[in-house]
Amino acid sequence: MWLTRPDPAPGAPRRRGLARTIALIAALAVPAPGRAEPTGTRIELLTLNGFDPVSYFLEGGPLAGTARFELAWGGQVWRFASGANREAFRDEPAAYAPRLGGFDAAGILEGRLVEADPLVFAVIGERLYLFRDAERRGRFLANPDLARQAEAAWPALRGLQDVPPRDAPPRDAPR
């Protein structure tokens with residue numbers, strides 16, 4: 001029986017301490033900086049630059065949403081100013097989501113997908129439409145029939161999106 005550990009024989013490998021071994025294993029488990037994400041990783045886009053889609057329909061809207069009240073729907077991340085707004089959207093997303101994929105409605109009429117400014121909007125026929133600038137918005141407000149024409153043109157352009165929308169999750173899906 002040994003009361004002390006004997007000195008290793010000259011030239012024999014020294015045993016590493018447990019703490020050093022664990023540190024080495026942990027260092028090897030951390031991905032190297034700059035390493036690409038694994039293939040198949042799904043990136044969900046933040047919609048409306050983080051504005052709450054329900055707040056567009058409320059007095060004083062639109063309001064900035066927060067990460068605290070987030071919901072993934074249609075391949076995008078939606079933020080809300082309150083839990084009540086998040087629940088309203090979850091129950092009826094098509095009623096609150098911007099029409100025409102959130103693109104500029106006037107651009108759709110021109111046959112193009114044009115990025116819109118989420119602060120330049122109009123609620124026409126209880127639907128949210130976004131626009132690139134105030135002049136384009138003014139045209140739609142002066143002639144609400146343009147919204148119907150843009151809706152008719154949308155299906156032909158829908159497939160041109162970089163990230164095609166996915167169907168909404170079933171209502172009974174886990175929250």
Side-chain angles (χ1 to χ4, degrees), residues 22-23 25-108 112-138 140-141 144 147 150-151 154-155 157-175:
I22 291 172
I25 291 170
L28 293 175
V30 174
R35 181 181 247 178
E37 289 187 27
T39 57
T41 298
R42 199 174 83 201
I43 297 173
E44 294 184 322
L45 304 174
L46 183 61
T47 306
L48 294 172
N49 291 349
F51 283 96
D52 176 344
V54 175
S55 70
Y56 285 83
F57 296 89
L58 303 175
E59 193 171 324
L63 300 172
T66 67
R68 180 177 172 204
F69 302 114
E70 235 175 48
L71 175 72
W73 177 76
Q76 297 176 316
V77 174
W78 303 78
R79 287 192 175 169
F80 303 90
S82 70
N85 285 5
R86 180 182 59 198
E87 299 307 309
F89 184 88
R90 189 197 74 230
D91 292 344
E92 203 172 348
Y96 298 107
R99 302 296 300 162
L100 312 173
F103 291 101
D104 172 47
I108 299 296
R112 303 179 304 135
L113 298 179
V114 176
E115 289 295 319
D117 180 343
L119 293 176
V120 183
F121 69 97
V123 175
I124 301 171
E126 297 184 24
R127 297 291 184 200
L128 175 62
Y129 293 91
L130 301 177
F131 300 91
R132 180 181 188 170
D133 56 48
E135 185 264 319
R136 291 168 172 253
R137 177 182 175 265
F140 273 69
L141 289 174
E151 290 285 348
W154 172 239
L157 297 173
R158 183 180 193 137
L160 299 177
Q161 297 178 82
D162 290 337
V163 181
R166 293 190 300 275
D167 290 336
R171 284 185 170 223
D172 58 347
R175 295 177 193 152

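Every heavy atom of this structure was used, including side-chain atoms; hydrogens, water molecules and symmetry mates were not. FYI, the numbering just counts along the sequence from 1.
- Closest of all the heavy-atom pairs between Ile108 and Ala150 is CG2-O, 3.4 Å.
- Atom CZ in Phe57 sits 10.5 Å away from atom CG in Asp52 (nearest 0.5 Å).
- A pairwise comparison of heavy atoms in Pro62 and Ser55 identifies CA-OG, 3.3 Å as the closest pair.
- Here Arg79 contributes atom CZ and Asn49 contributes atom CG; the two are 11.0 Å apart, rounded to the nearest 0.5 Å.
- Under the 6.0 Å cut-off for aromatic ring centres, Tyr96 and Trp78 do not qualify, their centroids lying 6.0 Å or more apart.
- For the residue pair Arg86 and Leu71, the shortest heavy atom distance occurs at CG-CB, 4.2 Å.
- None of Phe51, Phe89, Tyr56, Trp73 except one satisfies the ring pair (Phe, Tyr, Trp, His ring centres under 6.0 Å) rule with Phe80; the exception is Phe89.
- Sparse packing is recorded around CD of Glu126, with 12 or fewer heavy atoms of other residues, nucleotides or ligands lying under 6.0 Å away.
- Exactly one of Leu48, Val114, Leu119 qualifies for a side-chain contact (heavy atoms from CB on, under 4.5 Å) with Leu130. That residue is Leu48.
- Looking at every heavy atom in both residues, Leu157 comes nearest to Arg112 through CD1-N, 3.9 Å.
- Side-chain atoms of Arg136 and Tyr129, non-hydrogen and from C-beta on, never get closer than 4.5 Å to each other.
- Between Asp104 atom CG and Arg137 atom CZ the span is 12.5 Å, to the nearest 0.5 Å.
- Between Leu58 and Asn85, the closest side-chain pair of non-hydrogen atoms falls below 4.5 Å.
- For the atom pair CD1 of Ile124 and CG of Leu141, the computed distance is 5.5 Å after rounding to the nearest 0.5 Å.
- Contact between Phe131 and Ala105 at its shortest, heavy atoms only, is CE2-CB, 3.6 Å.
- Arg132 and Asp117 get closest at one heavy-atom pair: O-CB, 4.0 Å.
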